[in-house]
Amino acid sequence: MDILKEISENLQSGEAAKVAEHVQKGLDDGLSWEVILNKGLFAGMEVVGKLFREEEIYIPEVLMAAKAMDAGQKVLGPLMVGTGGREKIGKVVLGTVKGDIHNLGKNLVGVMLKGAGFEVIDIGIDIPAEKFVEAVISEKAQLVGMSALLTTTMPHMRTTIEALRKAGLEGQVKTIIGGACVTQQYTDEIGADGYGEDAGAAVIKAKELLGIK
Ligand code: B1M
C-alpha cells in the first residue's frame, strides 16, 4: 500500500506505533515532512473528524487517533524545528483556552514557531485567562497564542484579551488565535491582533505582528 495511505489508515485505527513507523519509513523513502503531515497525518485526522461528526465513531476511537497523530508528529518534530542554536526572534506564550483540551493543533503551531526561531512557552490546555496573563508577565513574552477547537470555548479568547488589557499589557503583547472554529471575522470581532488558519499561517502572522522579516 502507498505509504501515505498506510499512515492515514493506521492513524484512523489508532495504531500509534505503526503510524510512527510509517512516518519514519516515508522520510527514509525521501518524502518531505510537509507531504507526510498534510497527505498522511492530516488526511487521516480529517476522516476521523468526519466519522466523529457523523457519530460513526466515538471519543475513545478519536482519542486513539489523536495519540497516533501525536506519535507521527513526534517523528516529524525535529525536522520541522531544525533551527539549531540560532538566536531566538521572539517569545510566545501558547495555550489552549479554558474548558478546551484539544492540543494537537496547538502543539503543531508550537513546533512550527520553534522552527521559525521563536522561543515557545507552552502552558498547556484548559488555560484560564489569568494564567495566560501570569505567564506573559513572568516570561516577558511579546506574543500570546491561543487555540480553541470548540464553539463553546472560543469566548475564552475574548476573556483572555480583556484580561491582558486589564493587566495593562495592551501594546506590550500581541495576540494571535486559531483553531478549527476560529475565523478572521471572529478575530476582528474580539480584537485579537492576528489569526492563523493553520500552523504555517500562524508563523507568518506571528512574524508580521512582531515586525520580523
Ligand atoms: Co473533539 N471536537 N471534542 N476531541 N475533536 C472537534 C473539534 C469537533 C469539530 C468534532 C466534530 O463534531 N466534528 C467538535 C467541535 C464542535 C464545535 O464546537 N463546533 C468536537 C467536540 C464536540 C468534542 C467534545 C465536546 C466531544 C464530547 O465530549 N461530546 C469533547 C470536548 C473536550 C474538551 O475540549 N473539553 C471533544 C474531545 C476530543 C478528544 C479528547 C477525543 C480529541 C482531542 C485529543 C487531543 O487533542 N489530544 C478530539 C479530537 C481529536 C477532535 C477532532 C476529531 C480533531 C481535532 C484535531 O486534533 N485536529 C475534531 C474534528 C475536527 O477538527 N475536524 C474535534 C488536528 C489538528 C492538527 O488540527 O486542531 O484544527 P486543529 O489545528 C490546526 C488549525 O486549526 C490551526 O493550526 C493547526 C494545524 O494546521 N490552529 C491554530 C490550531 N490552533 C491554532 C492556534 C493558532 C493558530 C492556528 O494560533 C495560536
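Each residue takes its place number in the sequence, starting with 1. Just so you know, these numbers come straight off a predicted model, no measurement behind them. Indexing begins at 1, ligand by ligand and atom by atom, following the structure's order.
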Side chains of T175 and D193, donor plus acceptor under 3.5 Å
yes

Polar side chain donor-acceptor pair, N38 to E34, under 3.5 angstrom:
no

Taking N103 for its side chain and K106 for its backbone only, find out whether a donor-acceptor pair lies under 3.5 Å.
no

Of the listed options F42, Y58, Y195, closest to atom 67 (C) of ligand 1 (non-hydrogen atoms)
F42

Distance filter under 4.0 Å to A202 heavy atoms, resulting ligand 1 atoms:
88 (C)

So which heavy atom in the protein is nearest atom 31 (C) of ligand 1, and how far is it from that ligand atom?
L150 CD1, 3.8 Å

Residue-level breakdown please: for C181 versus ligand 1, do any non-hydrogen atoms fall below 4.0 Å on the side chain, on the backbone, on both, or on neither?
neither

May I ask you to identify, for K50, whether its side chain, its backbone, both or neither come under 4.0 Å of ligand 1 on a heavy-atom basis?
neither

Would a 4.0 Å cut-off, counted as strictly less than, catch a protein heavy atom around atom 52 (C) of ligand 1?
no

With a sphere of 6.0 Å drawn around NZ of K67, does it hold more than 12 non-hydrogen atoms of other residues, nucleotides or ligands?
no

Of N103, I59, I176, which has the heavy atom at the shortest distance from atom 45 (C) of ligand 1?
N103

Any protein heavy atom sitting closer than 4.0 Å to atom 23 (C) of ligand 1?
yes

Please work out whether any backbone atom (N, CA, C, O) or any side-chain heavy atom from C-beta onward of D126 is under 4.0 Å from ligand 1, and answer side chain, backbone, both or neither.
neither

Just checking, is any N or O donor in the side chain of S138 or E134 under 3.5 Å from an acceptor N or O on the other one?
no

Selection from A206, A192, G105 by shortest heavy-atom distance to atom 72 (O) of ligand 1:
G105

Do A180 and ligand 1 have an N or O pair less than 3.5 Å apart?
yes

Report yes if S147 has an N/O atom closer than 3.5 Å to an N/O atom of ligand 1; otherwise report no.
yes

Is it the side chain, the backbone, both or neither of L104 that has a heavy atom closer than 4.0 Å to ligand 1?
both

Do other residues, nucleotides or ligands put more than 12 heavy atoms under 6.0 Å from E197 CD?
no

Heavy-atom neighbours of E54 CD exceed 12 at 6.0 Å
yes

Within a distance of under 4.0 Å, is there any protein heavy atom near atom 87 (C) of ligand 1?
yes

Between T152 and ligand 1, does any nitrogen or oxygen pair lie at a separation below 3.5 Å?
no

Residue-level breakdown please: for E46 versus ligand 1, do any non-hydrogen atoms fall below 4.0 Å on the side chain, on the backbone, on both, or on neither?
neither

Among all the protein's non-hydrogen atoms, which is closest to atom 4 (N) of ligand 1, and how far away is it?
H102 NE2, 2.8 Å

If you scan the protein for heavy atoms around atom 8 (C) of ligand 1, do you find one that is closer than 4.0 Å?
no

What do you reckon, does G196 have a nitrogen or oxygen under 3.5 Å from a nitrogen or oxygen of ligand 1?
no

Roughly how far, to the nearest 0.5 Å, is CD1 of I89 from CD1 of I212?
4.0 Å

Which bit of D198 gets closer than 4.0 Å to ligand 1, counting heavy atoms only: side chain, backbone, both or neither?
both

Within 6.0 Å of CD in E139, more than 12 heavy atoms from elsewhere:
yes

Which of the listed options, G49, A148, G179, holds the heavy atom that is closest to atom 81 (N) of ligand 1?
G179

For atom 49 (C) of ligand 1, which protein heavy atom lies nearest, and how many Å away is it?
V62 CG1, 3.4 Å

Indicate whether atom 61 (C) of ligand 1 is within a distance of less than 4.0 angstrom of some protein heavy atom.
no

Spacing of CG belonging to L169 relative to CD1 belonging to I137, to within rounding of 0.5 Å:
5.0 Å

If you measure every N/O of G99 against every N/O of ligand 1, is any gap under 3.5 Å?
yes

